[in-house]
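Right, one structure below, let's go through it.
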Amino acid sequence: MKKYVNKVVLVFLSVIMIACNSSDEEIKINDFKGFYKIKSISSIIPVDLNNDGLKSNNYLQEIKSNYISYNGEIINYAYNNELRHNFAEARPTRYQSNNTTQFLDIRFPIQRIDSIYQGNNNFVKMNMEYQKMSTGFIYKLINSNIEIEADPFNQFEFFNINNFKINRINNIEFEIMFDFNIYDFSENDWIESKLIARYEKMKE
């Protein structure tokens, strides 16, 4: 009888240990990793990014609209937030099975402005293209929220990103907020605005 009781106790303890280990594994599961599409980008200050004379808080719509050059030429840069190469990436995805480092590449579209010389010391500004601001932040999950743990490539400094914040809205969406310099064609100058971008998880 005593041996039987001991066996029951051992089985009971084994079940508890397995349950605890399973719980630990579930806690360690990274449900944030994957690819994310930009749903929206807004600017706290209305801006004119496409030189049409109209200001808007909708940063994403501004860069998706036709750009009017200084000489009246209409240019479509064809920025498309639906394309995979514009998706943010939270690693490790299934494509990096041998690397468990939790990198976050936000892939945010920014202007590339150049000066066009017109003679007599006269220069005009032109938006040459929309570049991808790619990052290599190391993140960690704390209570299901995201925290930037390190910036090993000094991207904050390189892109002059200030007051960066990241917030996980739910298990398929997150948003970033940061202060950034934008060239406003209505003002003919660089201005600083707070940008807010929301990302939505895509199916792999």
Side-chain angles (χ1 to χ4, degrees), residues 12-45 57-64 79-110 130-182 192-204:
F12 181 72
L13 290 173
S14 298
V15 170
I16 291 176
M17 289 178 68
I18 291 169
C20 289
N21 290 335
S22 297
S23 298
D24 289 340
E25 287 175 3
E26 287 174 6
I27 290 171
K28 292 178 182 178
I29 289 174
N30 182 348
D31 65 344
F32 175 61
K33 62 185 180 181
F35 296 92
Y36 291 79
K37 176 184 75 175
I38 291 177
K39 285 184 64 178
S40 64
I41 308 174
S42 59
S43 169
I44 295 298
I45 301 172
N57 295 93
N58 192 335
Y59 182 106
L60 182 58
Q61 185 57 44
E62 283 284 319
I63 67 173
K64 292 182 76 171
Y79 174 78
N80 188 346
N81 55 309
E82 302 282 345
L83 297 179
R84 189 180 182 88
H85 66 260
N86 289 324
F87 291 174
E89 182 179 357
R91 298 186 180 187
T93 65
R94 59 190 178 92
Y95 302 103
Q96 297 93 33
S97 57
N98 295 326
N99 185 352
T100 59
T101 305
Q102 295 185 159
F103 280 115
L104 175 60
D105 182 358
I106 60 173
R107 296 187 190 174
F108 186 90
I110 59 175
Y130 291 108
Q131 297 176 311
K132 282 184 293 186
M133 177 169 66
S134 296
T135 63
F137 301 146
I138 296 177
Y139 72 92
K140 61 181 177 180
L141 293 176
I142 299 180
N143 297 325
S144 295
N145 208 352
I146 314 160
E147 181 178 303
I148 301 301
E149 189 171 33
D151 177 18
F153 305 107
N154 297 317
Q155 304 289 39
F156 284 128
E157 183 178 355
F158 181 80
F159 289 110
N160 197 23
I161 300 171
N162 296 307
N163 301 316
F164 184 89
K165 294 181 180 177
I166 185 167
N167 178 49
R168 196 175 190 191
I169 300 167
N170 51 53
N171 63 348
I172 62 168
E173 292 180 300
F174 74 93
E175 68 178 6
I176 56 172
M177 294 171 281
F178 59 100
D179 297 335
F180 198 68
N181 286 325
I182 308 167
E192 185 180 72
S193 180
K194 183 176 289 297
L195 302 180
I196 304 170
R198 180 170 287 197
Y199 292 77
E200 180 182 45
K201 195 169 192 176
M202 305 300 292
K203 292 181 180 179
E204 291 190 49

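Residue numbers start at 1 and run along the sequence shown. Computed from a predicted model, the values in this text were never measured in an experiment.
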Practice task
Check for a donor-acceptor pair, side chain of N154 on one end and backbone N or O of F158 on the other, with a separation under 3.5 Å.
Solution key: no
Handout entry: Check: S43 side chain, Y59 main-chain N or O, donor-acceptor pair, under 3.5 Å
Key = no
Exercise for the section: May I ask you to decide if I172's main-chain N or O and N170's side chain share a donor-acceptor pair within less than 3.5 Å? Expected result: yes
Handout entry: Side-chain touch I196/I44, heavy atoms, less than 4.5 angstrom
Key = yes
Exercise for the section: State, yes or no, whether a side-chain contact exists between I146 and L141 at a heavy-atom distance under 4.5 Å. Expected result: yes
Problem - Heavy atoms from other residues, nucleotides or ligands near NZ of K165 exceed 12 (cutoff 6.0 Å) - result: no
Exercise for the section: Report the residue from F174, F87, Y199 that forms a ring-ring contact (aromatic ring centres under 6.0 Å, His included) with Y36. Expected result: F174
Exercise for the section: Spell out, as yes or no, whether a donor-acceptor pair under 3.5 Å connects the side chain of T135 to the backbone of L104. Expected result: yes
Fill in the blank from the handout: Smallest heavy-atom separation, Q155 atom then S134 atom, equals NE2-O, 3.1 Å
Exercise for the section: Of all the heavy-atom pairs spanning N181 and E192, show the shortest one and how long it is. Expected result: OD1-CB, 3.5 Å
Practice task
State, without any angle test, whether K64 and N81 hold a side-chain donor-acceptor pair at a distance under 3.5 Å.
Solution key: yes
Practice task
Answer whether the closest heavy-atom distance between the side chains of Q102 and P92 falls below 4.5 Å.
Solution key: yes
Handout entry: Lys/Arg N to Asp/Glu carboxylate O, R168 vs D31, below 4.0 Å
Key = yes
Exercise for the section: Search all heavy atoms of M133 against all heavy atoms of D105 and return the closest pair with its distance. Expected result: O-OD1, 4.4 Å
Problem - Qualifying residue, where the test is side-chain contact (heavy atoms from CB on, under 4.5 Å) with K37 and the options are R198, R84, E200 - result: E200
Exercise for the section: Measure the shortest side-chain to side-chain distance between N86 and I38 over non-hydrogen atoms and say whether it is less than 4.5 angstrom. Expected result: no
Handout entry: Qualifying residues under salt bridge (Lys or Arg N to Asp or Glu O under 4.0 Å), relative to K140, sequence neighbours excluded
Key = E147, E149
Exercise for the section: From the options R107, K33, R94, select the one residue that forms a salt bridge (Lys or Arg N to Asp or Glu O under 4.0 Å) with E89. Expected result: R107
Handout entry: Criterion ring-ring contact (aromatic ring centres under 6.0 Å, His included) against F137, the qualifying member of F103, F156, F159, F178
Key = F156
